[in-house]
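What follows is a short report on a single structure.
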Protein chains: 2
Amino acid sequence: MNKISQNTPDCTIFLLAKAYQKAHGQFKAKLRPYNLTNLQHLVLEGLWIEEGVTAADLGKLLVMDKATLSGVLDRMIDSGWIRKESDPDDGRVLRLYTTEKSADLREELIALRIAANEEMLAGFSHEEQVLFKRLLKDLS
Amino acid sequence: MNKISQNTPDCTIFLLAKAYQKAHGQFKAKLRPYNLTNLQHLVLEGLWIEEGVTAADLGKLLVMDKATLSGVLDRMIDSGWIRKESDPDDGRVLRLYTTEKSADLREELIALRIAANEEMLAGFSHEEQVLFKRLLKDLS
DNA sequence: GCATCATCCTTCGTATGCGAACAATATGAA
DNA sequence: TTCATATTGTTCGCATACGAAGGATGATGC
């Protein structure tokens, strides 16, 4: 049991995965009362930046596979967070818009994301936080 | 499109998720020739540390949900990487062992993980690598 | 010895994540 | 114009993830 605690730290990918899983899980718990998943929240943040964005562009924005996005969008339409409109100029394109429901919760949900980020980094000094973000950005 | 590039960097959880996804995807590509998934590789590494480990203990070791692990183990048995044995002293317990197939590839697969880690961190200085690992460890 | 509780594993349901194939549509070259 | 090609979104298949419930088994208190 403690053998692995001497071994796995050499695997940074493992550490990265577990750090991600923990942060993801904590944010997930915060979102549960809203019946939103992490990915659905991310889609809303994307739409608040670019209302009427194309599904393809949103996928690029969020670095998300279009196959994954397709299902997420359908579920968000079913639960009333967003709506689709087909582009009049290009029959292939879907444009995405937020609904009143999401507009009403916008400030609350953005605050939730900010709080989740702060909680995750709470144990770090300011310098460590800046460095950590830079290192992560360099990796992506 | 560039609006989000000014915005998402404020979300460290997003950066963490994307860094994880990228590292995960690169390792996944390396494992494809072996018909192994990332999680299956991780299970093998766990078994090489503790042959005959309990499924429950392995889950704790790898910080993995037992529900997830159950399916992973079944697929690994089907593909001949591991085998199950029920504990003679405790009828609830399954003990996991590697097969010859995985023993034969052990050094190769461990080298693969080391290479994947080095590639991921190749852009960092030694100091940055050490610091990055420490920050990740602190998060988990 | 038995009822209660804890533990181990499985199964189910829902939601990613992503490669691959596909239909519908647009675009560009001949 | 028409055919080849590219793009958009959907669907399928497989593999995580994980909460929740359930069945089998062990341990504990009385």
Side-chain angles (χ1 to χ4, degrees), chain A residues 13-14 17-29 31-43 53-79 81-82 84-96, chain B residues 13-14 17-29 31-43 53-79 81-82 84-96:
Chain A
I13 297 177
F14 179 80
K18 295 316 162 184
Y20 160 69
Q21 276 180 18
K22 185 169 179 186
H24 187 267
Q26 287 176 345
F27 194 22
K28 182 180 176 181
L31 289 172
R32 195 180 310 278
Y34 299 90
N35 267 310
L36 268 179
T37 67
N38 303 53
L39 204 38
Q40 291 173 4
H41 181 278
L42 194 59
V43 166
V53 73
T54 292
D57 280 347
L58 188 62
K60 288 173 198 156
L61 254 52
L62 306 181
V63 195
M64 186 186 312
D65 194 272
K66 60 186 176 180
T68 304
L69 194 53
S70 189
V72 175
L73 295 178
D74 283 345
R75 283 185 288 276
M76 291 183 76
I77 291 168
D78 288 346
S79 46
W81 291 103
I82 62 172
K84 277 182 187 172
E85 275 183 28
S86 47
D87 190 307
D89 299 331
D90 189 337
R92 300 167 301 179
V93 170
L94 285 182
R95 297 200 168 272
L96 304 168
Chain B
I13 297 177
F14 179 80
K18 295 314 161 184
Y20 160 69
Q21 277 181 17
K22 186 170 179 185
H24 187 265
Q26 287 177 346
F27 195 22
K28 181 181 177 180
L31 290 172
R32 194 181 311 279
Y34 299 90
N35 268 311
L36 268 179
T37 67
N38 303 53
L39 205 37
Q40 290 174 3
H41 181 278
L42 193 58
V43 166
V53 72
T54 291
D57 280 348
L58 188 62
K60 286 174 200 156
L61 255 52
L62 306 181
V63 195
M64 188 187 309
D65 195 272
K66 59 187 174 180
T68 303
L69 193 53
S70 190
V72 175
L73 295 177
D74 284 344
R75 282 185 289 276
M76 291 183 77
I77 291 168
D78 288 345
S79 48
W81 292 102
I82 63 171
K84 276 183 189 172
E85 275 184 27
S86 48
D87 190 308
D89 299 331
D90 189 337
R92 300 167 301 178
V93 169
L94 286 182
R95 297 202 169 271
L96 303 169

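Chain letters run A, B, ... following the sequence lines, proteins first and then strands; every chain starts at 1. Note: hydrogens, waters and symmetry copies are ignored here, and every other heavy atom, side chains too, is used. Values in this document were obtained by computation on a predicted structure and should not be read as measured data.
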Distance test, side-chain N/O of A:T37 to OP1/OP2 of C:dT14, below 4.0 Å: no
Among C:dT7, D:dT10, C:dC9, the one nearest B:R92 by side-chain distance: C:dT7
B:Y20, nearest nucleotide to its side chain (from D:dA17, C:dG17, C:dC9): D:dA17
Sub-4.5 Å side-chain heavy-atom contact between A:L94 and A:E85: no
Touch class at under 4.0 angstrom, heavy-atom based, for A:A56 against every strand present: sugar-phosphate
Whole-Å distance separating the CG atom of B:L69 from the P atom of D:dG19: 15 Å
Between P of C:dA15 and CG of A:N38, the distance in whole Å: 13 Å
Nearest to side-chain heavy atoms of A:K28, which nucleotide of D:dC18, C:dC9, D:dT10: D:dC18
Closest non-hydrogen atom pair between A:L62 and A:V43, with its separation: CD1-CA, 3.9 Å
Interatomic distance, A:D87 CG vs C:dT25 C1' [rounded to whole Å]: 12 Å
A:G71 or A:G25, whichever maps to the more 5' nucleotide of DNA chain D: A:G71
Value in whole Å for how far the C1' atom of C:dC8 lies from CE of B:M64: 17 Å
Nearest listed nucleotide, side chain of A:K66, among D:dG26, D:dT8, D:dT16: D:dT8
Minimum-distance nucleotide (side-chain atoms of A:Q21 versus C:dG19, D:dC18, C:dC9): D:dC18
Nucleotide nearest B:S70 when distance is taken to its side chain, options D:dG19, C:dT11, C:dA20: C:dT11
Phosphate contact (C:dT16 OP1 or OP2) by A:R75 side-chain N/O below 4.0 Å: yes
Shortest non-hydrogen contact from A:A29 toward A:P33: O-CD, 3.5 Å
4.5 Å side-chain heavy-atom contact, B:V72 and B:L42: no
Ring centres under 6.0 angstrom apart (A:Y34, A:H41): no
Given DNA chain D, 5'-ward residue of the pair A:D74 and A:K18, judged by closest heavy atom: A:D74
Interatomic distance, B:M76 CE vs D:dC14 C1' [rounded to whole Å]: 16 Å
Value in whole Å for how far the P atom of D:dT11 lies from CG of A:D65: 15 Å
Any B:Q40 side-chain N or O less than 4.0 Å from OP1/OP2 of D:dT16: yes
Interatomic distance, A:H24 NE2 vs D:dA17 P [rounded to whole Å]: 10 Å
Close side-chain approach of A:H24 to B:I13, heavy-atom, < 4.5 Å: no
Residue mapping more 5' on DNA chain C - nearest nucleotide basis, A:D89 or A:A67: A:A67
Atom-to-atom span, CG of B:N35 to P of D:dG13 - whole angstrom: 19 Å
OP1 or OP2 of C:dT10 under 4.0 Å from side-chain N/O of B:K84: yes
